[in-house]
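One structure is given below, encoded as structure tokens.
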Amino acid sequence: MPVRPGTDQDASEAASLVRRVLREHGLPFDPWGLDADILAPGAAYAAFYVATDAAGRIVGTAALRRTGPASGELRKMFLLPEARGNGLGRALLEAVLAAARARLLERLTLTTRSRYDRAIRMYERAGFRLVGPARRPRGDDLGLVYELDLPGRDDPARPAGLPRRQPIPALAA
């Protein structure tokens, strides 16, 4: 299953995928709020990737949204159930990390839900660290914010994943 750059032509199929995965986990799809970006990926993201199956159907998505001069956010990391467990999520994550490094970003954040335990393990293995609760809930789930420091322009030898700030103690327990 290859990972390729996505386009606005992929938006409808990608949005359907996001809606399906959210529904699988009992969460609402919000096309006017949290999910509006997936409907116009070319305008919303610095980089957008899709994973496809042998038939060319989109089975996974991941995006990079720039949030500042040296920061970005991993967005819309979703995989259909049949695409999980074979390294495809890691391939999508690596594509976004490569895009962030190419743009000389120093920090990435992501917001996820505690029910996505397999994804959280993947993010933590990649060096993301829990830093606090999300600002905006999805349904009744506040969510969790993770952060990853990438080697910056000021310190190119600094390994990715070394935290610059400590997690909030109440959430680290």
Could you walk me through whether T112 and Y123 pass the side chain to side chain contact (heavy atoms under 4.5 Å, CB included) check? CA-CA 10 Å; T112 191; Y123 299 142; 4.2 Å; yes
Work out which heavy atom in [X] is nearest to a heavy atom in [Y]; give both atom names and the distance.
| X | Y | answer |
| --- | --- | --- |
| A126 | L93 | CB-CD2, 3.8 Å |
| L108 | F128 | O-CE2, 3.9 Å |
| R113 | T111 | NH2-CG2, 4.2 Å |
| V145 | P133 | CG2-O, 3.6 Å |
| M77 | A62 | SD-CB, 3.5 Å |
| I58 | L17 | O-CD1, 3.6 Å |

Tell me, do E106 and L150 make a side-chain contact under 4.5 Å, heavy atoms counted? no
Does any non-hydrogen side-chain atom of L144 lie less than 4.5 Å from one of L130?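 Contact flag for L130/L144 side chains = yes.
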Any pair counted as ring pair (Phe, Tyr, Trp, His ring centres under 6.0 Å), so long as it reaches residues 69-121, sequence neighbours left out: H25-Y116
Verdict with reasoning, R66 to L105, per side chain to side chain contact (heavy atoms under 4.5 Å, CB included): CA-CA 9 Å; R66 195 152 200 158; L105 299 185; 3.2 Å; yes
salt_bridge([X], [Y]) N-O dist < 4.0 Å:
| X | Y | answer |
| --- | --- | --- |
| E24 | R115 | no |
| E73 | R65 | yes |
| R90 | E94 | yes |

Could you list the donor-acceptor pairs under 3.5 angstrom formed by side chains in residues 27-48, with sequence neighbours left out?
residue	atom	partner	partner atom	Å
D30	OD1	W32	N	3.4
D30	OD1	G33	N	3.1
D30	OD2	L34	N	3.3
D35	OD1	K76	NZ	3.0
D35	OD1	R138	NH1	3.4
D35	OD1	R138	NH2	2.8
D35	OD2	D30	N	2.6
D35	OD2	R138	NH1	2.7
D37	OD1	R75	NH2	3.2
D37	OD2	Y45	OH	3.0
D37	OD2	R75	NE	2.8
D37	OD2	R75	NH2	2.8
Y45	OH	I38	N	3.4

So, taking the atom named CG in L110 and the one named CG in L64, what distance separates them when rounded to the nearest 0.5 Å?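 One finds 12.0 Å between CG of L110 and CG of L64.
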Drop me the distance from I120's CD1 to R125's CZ, to the nearest 0.5 angstrom.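 So the gap between those two atoms works out to 12.0 Å.
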side-chain hydrogen bond (donor to acceptor under 3.5 Å, both in side chains) partners for [X], two or more places apart:
| X | result |
| --- | --- |
| R118 | none |
| R19 | none |
| S12 | none |

Check the pair L148, L97 against side chain to side chain contact (heavy atoms under 4.5 Å, CB included), reporting the backbone distance first and the verdict last. CA-CA 10 Å; L148 173 70; L97 292 176; 3.6 Å; yes
For the backbone of D53 and the side chain of R57, can you confirm whether one donor and one acceptor N or O come within less than 3.5 Å of each other? no
Mind running salt bridge (Lys or Arg N to Asp or Glu O under 4.0 Å) on E13 and R20 for me, showing each step along the way? CA-CA 11 Å; E13 191 175 354; R20 178 178 163 194; over 6 Å; no
Holding to side-chain contact (heavy atoms from CB on, under 4.5 Å), I want the full list of residues that pass it with S71, two or more places apart in sequence or in another chain. T67
Is there a side chain to side chain contact (heavy atoms under 4.5 Å, CB included) between V3 and L88 once you walk through the steps? CA-CA 8 Å; V3 171; L88 194 53; 3.9 Å; yes
